[in-house]
There are 2 protein chains.
Amino acid sequence: MARRSDHSPKELRALLVRHGHALMAERGFARFSAREAARRAGYAVGTIYNVFGSLDAFLVAINSQTFLEWAAALEYSLADVEPAGTARLEVLVHAYFDYARSNANAWMAIYDHRHEAETVIAAEDHDAREALTGIVDREVVTWLGRPDSPAIRRLVRSLIAMVHGHCALWITGSFSLMNEPDPAGQAVARVLEVLAAQRLR
Amino acid sequence: MARRSDHSPKELRALLVRHGHALMAERGFARFSAREAARRAGYAVGTIYNVFGSLDAFLVAINSQTFLEWAAALEYSLADVEPAGTARLEVLVHAYFDYARSNANAWMAIYDHRHEAETVIAAEDHDAREALTGIVDREVVTWLGRPDSPAIRRLVRSLIAMVHGHCALWITGSFSLMNEPDPAGQAVARVLEVLAAQRLR
DNA sequence: CATCAAATTAGACAGTGTTCAATTAAAAAT
DNA sequence: ATTTTTAATTGAACACTGTCTAATTTGATG
């Protein structure tokens, strides 16, 4: 039996998320198993229900971890790019695609998991998910050279949806049936067309 | 025991797909059960494996059925719209969203199901999935007033990815795109901006 | 050292997908 | 008509799953 003093509550939570995330990356959402995740962490299944309250909440925590990694990957990709110009947007979109492909199982799990309505999302998890939007927001504001506004934030969500659509169809293979050799390039092209239209107005 | 002469092979296949599709619409992908689908059709589980070879192939058949319905809904929505003009594209996108919302479980199942690489997709199923692309292709060609071409077909796939992205994030509510009151309207706006850019070139 | 509350677990339960020998029904051959 | 053969259909077995609860272990408190 795992000893209560082996890990503090926070450590235990982090331990379970770490192993859960690794298992998700390894197997994908369809073959994920809470039992196996707990086993690898050295605990029994019940512990997941103790710590997270439900399997649903555990999956939310795992996916939030993916969001954090993803956002970090985007920031990292932007670190060496000159602070103005279209190149930053191109790099951003390509980093978006790269993370999704390099971590396909974990990335898809974000969208595979439909959390139940009654599962409350902790502020921490919510923030992890917002981080990504924040990055795009910042870059688009810079590119447009205008102060942030509700209209721009609305546009940013729409741009994210556009890029997401390309990436999702690509990762799941729907796009390969469509014979598109460069989905990321297409996404960039669409983003720039839309932004150009916004600039003219 | 169900009698072999109750249904011809084709009828049996259709019967299983019908009940499977209904169950998918009712429960969604996560709670779908092959056992239950067979039960409702009046057969035992094994029959699904006899007829389709695998659960994977059964799910492909169910999702192809959804594609057929979806394409039919799009065509129906266009039937009364004047044969030229931007209105047709707007109606098309809105019908796309409407079908997804009205049949959320079945629609999401299309993207929830990641069929295994070894599952061969029958020509019939492949065609059902292509029908949708064909409709958009036709409408975009008409709108642009140019003959069809590989470049246009490539653009059309990109446009579909854009609209899909908006629709998917809307239906799953997984993004704070939930604060977006009119995702379909946003998708239409983006499509028209992209098409305008194409026209200028 | 005894008490007590909290953490952890094992086990039961009702499901699942998958496989396959046994059964049954229809067709073919006698 | 009967028997034989072929093929569809089944039910049970297997190894899993998520979920819950009673029992156990643990560490701290009096």
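In what follows, every chain begins at residue 1, and chains take the letters A, B, ... in the order their sequences are listed. FYI, side chains are in, hydrogens and waters are out, and symmetry mates aren't considered; it's all heavy atoms of this structure.
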Atom CG of A:Leu55 and atom P of C:dG15: how far apart are they, to the nearest Å? 18 Å
If only side-chain N and O atoms of B:Thr47 are considered, is one of them under 4.0 Å from the OP1 or OP2 phosphate oxygen of D:dT10? yes
Establish, yes or no, whether the cationic atom of B:Arg101 lies under 6.0 Å from the six-membered ring centre of B:Trp170 and within 45° of the ring axis. no
Closest of C:dT8, D:dT9, D:dT17 to the B:Asn50 side chain is D:dT9
B:Arg31 CZ to C:dA14 P, in whole Å, measures 19 Å
Rounded to whole angstroms, how far apart are OH on B:Tyr49 and C1' on D:dT9? 15 Å
Between B:Phe29 (CZ) and C:dG17 (P), how many Å, whole number? 10 Å
Taking only the side-chain heavy atoms of B:Arg35 (C-beta and beyond), determine which of D:dT10, D:dT17, C:dT18 contains the nearest atom. C:dT18
Identify the heavy atoms of A:Ala187 and A:Val93 that sit nearest to each other, and give their distance. CB-CG1, 4.1 Å
Could you give the CG-to-P distance, from B:Asp56 to C:dT19, as a whole number of Å? 12 Å
Counting only heavy atoms not in B:Arg138, do more than 12 sit closer than 6.0 Å to its CZ atom? yes
Given atom CD of A:Glu11 and atom P of C:dT8, what is their separation to the nearest angstrom? 12 Å
Among the nucleotides D:dC20, D:dT9, C:dT9, whichever has the atom closest to the side chain of A:Ala44 is C:dT9
Closest to the B:Ser33 side chain: C:dT8, D:dG18, C:dT16? C:dT16
